[in-house]
Amino acid sequence: MGSLLVFGLLWVVFSLLGEWGATAWINSAPDGTGPYFGTASNLGVVGAHAFDFLVWVAVPIFVFVVLMIIYAMIRFRSKPGEKMTDAPRQTRNNKVFVGSWILISIVINLLVWLHPNASGLEQVFAAQLPKNNPNPLVVDVTARQWEWIFSYPQYNITQSLNASGQDTLYLPVNRPVKFVLRSYDPFHTYDTAIDVIHGFWIPAFGVKYDVIPGETRILYLTPTELISTEQNPMARVQCSEVCGPGHPYMEANLHVVTGSAFAAWAKQQASGS
Amino acid sequence: MAQPLPKGGAAPVPKRVAPWPPVLRAFLWAGIGFVVLAAMAAWLDPSPVSPYLTAVGSVTGWFGALIGWLLGIGGYDYVVRPMMGYPTPRIRTSGWRRYFEYAVDHKVIGLQYLGASTGTFLIAGLIAMAMRFQLMNYRPTLFHYPQDYLNAVGIHGTLMMFTVATVAMVGGLGNYFVPLMIGARETMFPKASGLSIWLVPVGVLTVSMSPLLGQWSTGWRGYEPLAASDGSGLLYYYLGVFALTTSSLIVAINLTSTILFKRTKGMTWNRLPLFAWGILTVSLLNIIWLPEIQTTFILGMMDKVMPLNLFNVFGQPLGYEYLFWLFGHPEVYIVVIPALAIWNEIIPVMGRKSLFARPIAVLGLVFVMLLSGMVWAHHMFTMMRFSEMLPFSFFTEMISIPTGFAYLAVIGTLWNSRLRLTTPTLLVLMSMFNFLIGGLTGLFLADVPANLQLHNTFFVVGHFHFTIIGGMVFSWMAAMYYWLPKFSGRTYSEFWGKLGAIWVFIAFNATFLNFFILGLHGMNRWVSAYPKYLQPENFWTSIAAYLLGAGFGINIIHIVWAWVKGPKVKENPWGAKTLEWQTTSPPPAKNFEELPVVVGSFYTYGKDVPDPVMFPVAQERAPGS
C-alpha cells in the first residue's frame, strides 16, 4: 500500500509538472501556436487546437508508464549479488486494477475520438460548405509533373507568374478561397497515361489535400495571416505526395496580402498575361 | 552428380551429393534459368528497342532464376529426386557449412533466418546512413539526382520491412524457439521450411539490384499510378517482395501447424508460452494478408508490363493504395506483436514474479490481430472521402486498447517484483518507453484535422520508426541477449551489454525525436533537397543517426563475440521455466532426450510452486525416486 501511495503521489506531481511544461510549450510561440506552426488559416487553427488538446491528454499517460518503468527499476530492483529468490508477493490478478485500466482506456479513446477528432472534423466539414464561404476567390490549381499552376478565372489570369516566370500563388487575407484541385487545365498538354497523384500542401495553413488523376476536388479555406514565403518559408505550396524525381522541387511561392494589394496584383497580372 | 538408383536391397545413403558448395551451384543454376527463360521470352515476344532483355524477359527470366536457385541449393537433391524414388542424401549436422546449405533442423533454419535478417539490417542500415548524409545538406551532395535518393529510400524501406521487421522475430526466433518452447522435436513441414529460407537471399538481391533495370522513385509502397510510369526496376521490387513474402508465408503455415499439432503432452492453450501465442497470432495475420499483397503486386506488375491501365485515370487511381494499405497496416502489427509477446516472456523471468493477468495479455495479442484489418485507410486521410474519415479514425483509436494490454501485463508483473536489471530487462523497458512514444504520437496522427497537416511529413517518419525500431528492434535485441546462453551455452558481458543498450537508446531518441520537430517545421518526406531553413536541425539529426548506427554495430559485434568466445554459463542461467531451457545449450539435434510433460503454468512463481515440467521416464529411472 505504501508503494502505491508513493507512486500515486509522484504520478500526480509529475503529471502536473508535465502539464505545466506542455502549456508553456504551447504558449511559447507569440500567437499561441506552440509547436504546431501551421495556423495561418481557419483549417490550421482546428488542427492546432486538436494538437494542443492531445498534448494535454498524452502527458499523464506518458508520465504514468515512464514513471512506472523508473519506479520499478529503483523500488523493485533486486540488489546485485543478492540470492535469486521469487518475489514475496505474487499477485496474479487484481480485478480493480485490470477493470479500471480497461475502462479508462476505453473512455480516453472514445473521448479523443469525439473531441478533438469528431468535433474538429465537424468544423472542417462545415468549412467546406459553399454556403459558409460567401463570395469566394476561385483559384484553379493544376498539379502536374512537376509544377503547380494557378489560374484565377474571376480575374482572367490563366497562369499567375512572378517576375522570374515562376508559378506563384497570391491570396487576399480573410477572404474565403475555393481551391479547385485537378491535374488538367485547358492551357497545357496533358498525357492521361502518365498522370500521378500529388499532394497540395501549404505548411503554414496547416492543411493538405491530395490531387488525384481524373478527379476534381474542392478545398475551401480562409487565410488569416499576412505571410509570404520570403518572410516565413513554411508559407509555400509544396507537393506532399511522392510524384517522381521532381518531387522535392515541386513547390511554389505564396503571398497572403491585403485585399487592396491583391486587387492591384490581379490587375497587373491580368494585363501582363 | 546424379547417382544411379542402387539395384535391390536397402539403398546406402550417399555421403555427399553436391560436388561443390550448394550456394555456388545455386548461383550457376539460377544464371542458367535466367538466360533460358529470358531468351525464350525474347524469342516469343521480341522488342524492337531491346533485342536481348525485355520487360517480359526480365520477369520470366527472374522466375527461371528462382527455380534454378531453389533446385541448386538443395531442392533437386533433397526434394525432387527423393520424390522420384531416389534416397534422400544425408544432411550435414555439424560445422559452419550447414548454415550455407539446405537444412531441415528448425534451429539451423532459424539461425539462417537470423543471419539473413542481420545482414540485411546492415545493408539497409548503411543505406539509411547514406540518406542521412544527403540530408545534412539542403542541396544534393551524395545523391546527385532526386531519383537516386528516392530509390535508396525505397530499397531501405523494402528491405527493412520484408527482410528484417517481419522476419527476424518470426522466421528467425520463431523457427528456432517455437518447437523448443512447445516441446516438439521438429516443425510440421521441415522440408518446405528448409527451402523457404533460401527465398530470402533471392528477395534481398532482387530488391537491392533492381536499380540496374531502371530507377524507381515510389518508395517502399510502390504507389500507383506513379509506379506505372516509373523505371523498370520496379518490376524487381515486385518480384523481390514476392520472394520475401512467400518465404514469410511458408514460415507462417509451418509454425501455425506446428503450434496446432505438435505440442507436447500437457501443453494446453492456457499453458502455451506467450511468445508462441505471439507467433501464432502473427502467423495468422501473415496467412490472411500476405496473399493479399502478393495479389496486389501481381496486379501492379501486370499493369506495368501489359499495360492494363488498372490504376490510372482509365481505371481506379486509388485502387492500389487501398489494396496496399489493406495489407500494409496489419503488416505493422505483424512487426510488433512478437515484440509485445517478448516483453511478457522476459519480465516474469527477470522479476521472479508470476505473469500478471495472463489471459488479458493473450487476449490483447488476439484482439490486435482482429482489429488490425479495420484501420488501414488511416494512411490515406488526405485522399479519402469525408464520410470515410470518422470510421477509420474510430478503429484507429480503438486498436490502442488491446495494444495497451501488453503494457497492463508488464506493469502488473513489475509491481512488487524482484527485478534483475540485466541487459534484456533494460532493453525490454527501453522498448516499452520507445513504443509508448510511437503509440502516443499515433494519437496525433489518428486525429484527422491534425493529420491533414502531419501526413507525409517527418512526423510520420518519426512515428513509425519509434514503433518499428523502438518497439521491434529493441525487443529483438532483448531477445538476443536473453536467449544467447541458449544458442551457444555462452553469455555476454553485462558491462558491454548495458553500454550498448544505453548507447542505442540515447542515440535512437536523439535521432527520431528530432523527426517530430522537423515534421512540425514543415519537412516533408521523400525529398533529397529541401528549403534551407531546415538544414541545421537536419544536420544534428544526422549526427545522432551516425551514433545510432555505431551503437547497433557495437551490439552486433558484442553478440557475435559472446556467441563465439563469451564465458560459458550453466544451463538455464536466468532460472526460467519455459521448455526451451529444459534441454542442453545448444539443444541437441532432436531438441529433447525425452519429451517433457507439462503439468503447470510456466509463469507462476512463489513459494511452494511445483515445477511445471516433468520428464516421467528419466524421473522413474533416477535412483531414489
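Only the side chain of A:Trp201 comes within contact range of chain B, with at least one heavy atom under 4.5 Å from a heavy atom of that chain. Contacts between B:Met384 and chain A at a heavy-atom distance below 4.5 Å involve the backbone alone (N, CA, C, O). Residue contact with chain A, scored on non-hydrogen atoms closer than 4.5 Å, involves the side chain of B:Tyr223 exclusively. Only the backbone of B:Glu224 comes within less than 4.5 Å of a heavy atom in chain A; its side chain stays farther off. In this structure, chain A has a heavy atom under 4.5 Å from the side chain of B:Phe314, while its backbone stays farther away. Neither the backbone nor the side chain of B:Trp216 comes within contact range of chain A, judged by heavy atoms closer than 4.5 Å. With a threshold of 4.5 angstrom between heavy atoms, B:Ala446 approaches chain A through N, CA, C or O but not through any side-chain atom. Contact of A:Ile212 with chain B is made through the side chain alone, with heavy-atom distances under 4.5 Å. Contact of A:Leu4 with chain B is made through backbone and side chain together, with heavy-atom distances under 4.5 Å. Of the atoms belonging to A:Tyr184, not a single heavy atom falls under 4.5 Å from chain B. Only the side chain of B:Leu421 has a heavy atom closer than 4.5 Å to any heavy atom of chain A. For a residue to count as touching a neighbouring chain, one of its non-hydrogen atoms must lie under 4.5 Å from one of that chain's; by this rule B:Leu408 touches chain A with backbone and side chain alike. Only the side chain of B:Tyr533 has a heavy atom closer than 4.5 Å to any heavy atom of chain A. With a 4.5 Å cut-off on non-hydrogen atoms, B:Leu440 touches chain A through its side chain but not through its backbone. Contact of B:Ala228 with chain A is not made at all, since no heavy-atom distance falls under 4.5 Å. Neither the backbone nor the side chain of B:Thr425 comes within less than 4.5 Å of any heavy atom in chain A.
Annotation: maximal heavy-atom pairing with chain A below 4.5 Å, among B:Asn312, B:Leu436, B:Leu150, B:Leu426, occurs at B:Leu436. Per-residue counts of heavy-atom pairs under 4.5 Å with chain A were compared for B:Ser354, B:Ser229, B:Ala450; the largest is that of B:Ser354. Contact count versus chain A (heavy atoms, under 4.5 Å) is highest, among B:Lys532, B:Glu321, B:Arg418, for B:Arg418. Interface check for chain B: of the options A:Gln123, A:His247, A:Arg75, A:Glu251, the most heavy-atom pairs under 4.5 Å are formed by A:His247. Contact count against chain A (heavy-atom pairs under 4.5 Å) is highest for B:Met383 among B:Met383, B:Arg525, B:Met432, B:Met389. For the options A:Ile106, A:Ile70, A:Thr85, heavy-atom pairs under 4.5 Å to chain B are most numerous at A:Thr85. Contact count versus chain A (heavy atoms, under 4.5 Å) is highest, among B:Val527, B:Asn456, B:Asp447, for B:Asp447. Chosen from A:Ala50, A:Ser240, A:Ala204, the residue pairing most often with chain B at heavy-atom distances under 4.5 Å is A:Ser240. Looking only at heavy-atom pairs under 4.5 Å with chain A, the residue among B:Lys607, B:Met398, B:Lys353, B:Gln215 that has the most is B:Lys353. In terms of heavy-atom pairs under 4.5 Å with chain B, the best-connected choice from A:Pro116, A:Cys239, A:Gly120, A:Ala193 is A:Pro116. Heavy-atom pairs under 4.5 Å with chain B peak, among A:Gly44, A:Pro203, A:Pro245, at A:Pro245. Note: A:Leu110 leads A:Leu110, A:Val124, A:Val211, A:Val46 in heavy-atom pairs under 4.5 Å with chain B.
Within the 3.5 Å criterion, the main-chain N or O of A:Thr222 finds a donor-acceptor partner in the side chain of A:Asn42. When atom types are taken as modelled, the side chain of B:Thr413 and the backbone of B:Leu355 share no donor-acceptor pair closer than 3.5 angstrom.
Looking only at side-chain heavy atoms (C-beta outward), A:Phe179 and A:Tyr209 stay at 4.5 Å or farther from each other. A:Pro213 is listed as a side-chain neighbour of A:Ile197, based on a closest heavy-atom distance under 4.5 Å. Side-chain atoms of A:Val207 and B:Gln453, non-hydrogen and from C-beta on, never get closer than 4.5 Å to each other.
Figure legend: cation-pi geometry between B:Arg358 and B:Tyr603 absent, as NZ or CZ is not positioned both under 6.0 Å from the six-membered ring centre and within 45° of its axis.
The only option from B:Asp148, B:Asn151, B:Val153 that meets the side chain to side chain contact (heavy atoms under 4.5 Å, CB included) definition with B:Phe143 turns out to be B:Asp148.
In this structure, B:Arg221 pairs ionically with A:Glu241, as a charged nitrogen and a carboxylate oxygen lie closer than 4.0 Å.
Residues B:Tyr407 and B:Trp343 bring their aromatic ring centres within 6.0 Å. A ring-centre distance under 6.0 Å is found for A:Trp148 and A:Phe200. Aromatic ring centroids of B:Phe356 and A:Phe97 lie under 6.0 Å apart.
Between A:Phe51 and A:Pro35 the shortest heavy-atom distance is CE2-CG, 3.6 Å.
A perpendicular orientation is assigned to the rings of A:Phe53 and A:Trp56, their planes being inclined by more than 60° (bins at 30° and 60°).
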Steps toward side chain to side chain contact (heavy atoms under 4.5 Å, CB included) verdict (B:Tyr149, B:Leu135): CA-CA 10 Å; B:Tyr149 176 83; B:Leu135 293 179; 3.4 Å; yes
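Summarising the local packing, CH2 of A:Trp11 is surrounded by 12 or fewer heavy atoms from other residues, nucleotides or ligands at distances under 6.0 Å. For CZ of B:Phe367, the number of neighbouring non-hydrogen atoms (other residues, nucleotides, ligands) closer than 6.0 Å is 12 at most.
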